[in-house]
Amino acid sequence: MLIRYFAWVRERVGLDREEVELPPTVVTVADVITWLQTVDDAHGHAFEDPEVIRAALDQVHVEPDTPIGAAREIAFFPPMTGG
(Lines give C-alpha, C1' and ligand atoms only; values in the text may rest on other atoms or scores of the structure.)
Protein backbone atom coordinates (compact mmCIF):
# COMPACT_ATOMS: atom_id res chain seq x y z
CA MET A 1 0.00 0.00 0.00
CA LEU A 2 1.17 3.50 -0.77
CA ILE A 3 1.18 5.75 2.27
CA ARG A 4 1.42 9.49 1.70
CA TYR A 5 2.21 12.06 4.36
CA PHE A 6 1.39 15.75 4.30
CA ALA A 7 2.40 18.90 6.20
CA TRP A 8 3.87 18.31 9.66
CA VAL A 9 3.14 14.58 9.45
CA ARG A 10 5.52 14.46 6.46
CA GLU A 11 8.07 16.57 8.31
CA ARG A 12 8.01 14.30 11.34
CA VAL A 13 8.16 11.05 9.36
CA GLY A 14 10.86 12.47 7.07
CA LEU A 15 9.20 11.12 3.92
CA ASP A 16 6.43 12.31 1.67
CA ARG A 17 5.46 8.76 0.72
CA GLU A 18 6.42 5.15 1.17
CA GLU A 19 5.28 1.79 -0.08
CA VAL A 20 4.59 -0.69 2.72
CA GLU A 21 3.21 -4.16 3.18
CA LEU A 22 0.74 -4.00 6.03
CA PRO A 23 0.47 -6.91 8.44
CA PRO A 24 -2.73 -8.96 8.02
CA THR A 25 -3.92 -7.78 11.44
CA VAL A 26 -4.18 -4.20 10.14
CA VAL A 27 -7.79 -3.79 9.07
CA THR A 28 -8.86 -0.19 9.72
CA VAL A 29 -7.32 3.26 9.35
CA ALA A 30 -6.83 3.33 13.11
CA ASP A 31 -4.97 0.02 12.86
CA VAL A 32 -2.64 1.56 10.28
CA ILE A 33 -1.90 4.45 12.63
CA THR A 34 -1.26 2.08 15.53
CA TRP A 35 1.07 0.02 13.35
CA LEU A 36 2.90 3.13 12.07
CA GLN A 37 3.54 4.17 15.68
CA THR A 38 5.75 1.09 16.00
CA VAL A 39 7.77 1.46 12.78
CA ASP A 40 10.46 3.76 14.21
CA ASP A 41 10.89 6.85 16.37
CA ALA A 42 10.03 9.25 13.53
CA HIS A 43 6.75 7.50 12.77
CA GLY A 44 6.05 7.17 16.48
CA HIS A 45 6.50 10.92 16.90
CA ALA A 46 4.32 11.72 13.88
CA PHE A 47 1.47 9.53 15.13
CA GLU A 48 1.84 10.07 18.88
CA ASP A 49 -1.54 11.84 19.05
CA PRO A 50 -3.79 9.88 16.66
CA GLU A 51 -6.88 11.96 17.46
CA VAL A 52 -5.47 14.90 15.48
CA ILE A 53 -4.50 12.90 12.40
CA ARG A 54 -6.85 12.97 9.42
CA ALA A 55 -6.88 10.27 6.76
CA ALA A 56 -8.03 9.64 3.23
CA LEU A 57 -8.34 6.31 1.43
CA ASP A 58 -7.84 6.63 -2.31
CA GLN A 59 -8.35 10.40 -1.91
CA VAL A 60 -11.64 10.15 0.02
CA HIS A 61 -11.67 11.45 3.59
CA VAL A 62 -12.50 8.70 6.07
CA GLU A 63 -12.93 8.13 9.80
CA PRO A 64 -10.44 6.10 11.86
CA ASP A 65 -12.77 3.10 12.10
CA THR A 66 -13.05 2.81 8.31
CA PRO A 67 -11.83 -0.54 6.95
CA ILE A 68 -8.97 -0.12 4.49
CA GLY A 69 -10.36 -2.91 2.30
CA ALA A 70 -8.87 -2.88 -1.19
CA ALA A 71 -7.64 0.74 -1.04
CA ARG A 72 -4.38 1.33 -2.85
CA GLU A 73 -3.41 4.54 -1.09
CA ILE A 74 -3.82 6.04 2.35
CA ALA A 75 -2.91 9.63 3.08
CA PHE A 76 -2.32 11.18 6.49
CA PHE A 77 -2.42 14.87 7.28
CA PRO A 78 -3.05 17.21 10.18
CA PRO A 79 -6.31 19.14 10.54
CA MET A 80 -6.61 21.92 8.00
CA THR A 81 -7.33 25.49 8.90
CA GLY A 82 -8.95 28.13 6.81
CA GLY A 83 -7.90 31.67 6.35
Side-chain angles (χ1 to χ4, degrees):
M1 168 174 273
L2 176 63
I3 301 181
R4 300 182 69 192
Y5 306 105
F6 293 92
W8 59 254
V9 180
R10 175 185 63 226
E11 293 168 10
R12 290 181 182 180
V13 169
L15 301 168
D16 65 349
R17 66 181 64 198
E18 63 184 322
E19 191 78 34
V20 300
E21 182 152 342
L22 297 172
T25 55
V26 173
V27 176
T28 66
V29 170
D31 293 341
V32 176
I33 291 173
T34 299
W35 179 75
L36 286 169
Q37 290 171 329
T38 68
V39 170
D40 59 26
D41 289 344
H43 287 79
H45 179 54
F47 292 95
E48 67 189 0
D49 189 3
E51 285 88 35
V52 301
I53 300 292
R54 302 295 179 251
L57 286 175
D58 292 337
Q59 302 183 6
V60 175
H61 290 257
V62 295
E63 296 297 321
D65 61 348
T66 303
I68 54 175
R72 294 183 307 167
E73 174 189 289
I74 186 166
F76 292 108
F77 45 88
M80 293 177 232
T81 60

Closest non-hydrogen atom pair, [X] against [Y]:
X     : Y     : result
Pro23 : Trp35 : CG-NE1, 3.2 Å
Glu51 : Arg54 : O-NH1, 3.1 Å
Ala55 : Val29 : CB-CG1, 3.6 Å
Ala71 : Leu57 : CB-CD2, 3.8 Å

Is there a donor-acceptor contact under 3.5 Å from the side chain of Asp58 to the main chain of Glu73?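 Indeed, once roles are kept as given, a pair shorter than 3.5 Å links the two residues.
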Under 3.5 Å donor-acceptor, Glu18 side chain and Ile3 backbone: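 Between the backbone of Ile3 and the side chain of Glu18 there is no qualifying donor-acceptor contact (under 3.5 Å).
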For this output row, return yes or no: ring centroids of Phe76 and His43 closer than 6.0 angstrom.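 That pair fails the under 6.0 Å test.
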Interatomic distance, [X] atom [atom1] to [Y] atom [atom2] [nearest 0.5 angstrom]:
X     : Y     : atom1 : atom2 : answer
Arg17 : Phe6  : CZ    : CZ    : 8.0 Å
His45 : Asp40 : NE2   : CG    : 12.0 Å
Arg12 : Asp41 : CZ    : CG    : 13.5 Å

Mind checking whether [X] and [Y] sit in one hydrophobic cluster, side chains of I, L, V, M, F, W, Y counted as touching below 4.5 Å?
X     : Y     : answer
Ile33 : Phe77 : no
Ile74 : Leu15 : yes
Leu2  : Val13 : no
Ile68 : Val62 : yes
Leu36 : Val20 : yes

Taking the side chain as C-beta and beyond, is there a heavy-atom pair between Leu22 and Asp31 under 4.5 Å?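 Of all side-chain heavy-atom pairs linking Asp31 with Leu22, none is under 4.5 Å.
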For a 4.5 angstrom cut-off between non-hydrogen side-chain atoms, does Pro78 reach Val9?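 With C-beta onward as the side chain, the pair touches.
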For Gln59, look at atom CD and say whether over 12 heavy atoms of other residues, nucleotides or ligands are found less than 6.0 Å away.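 Check fails, neighbour count at 12 or below.
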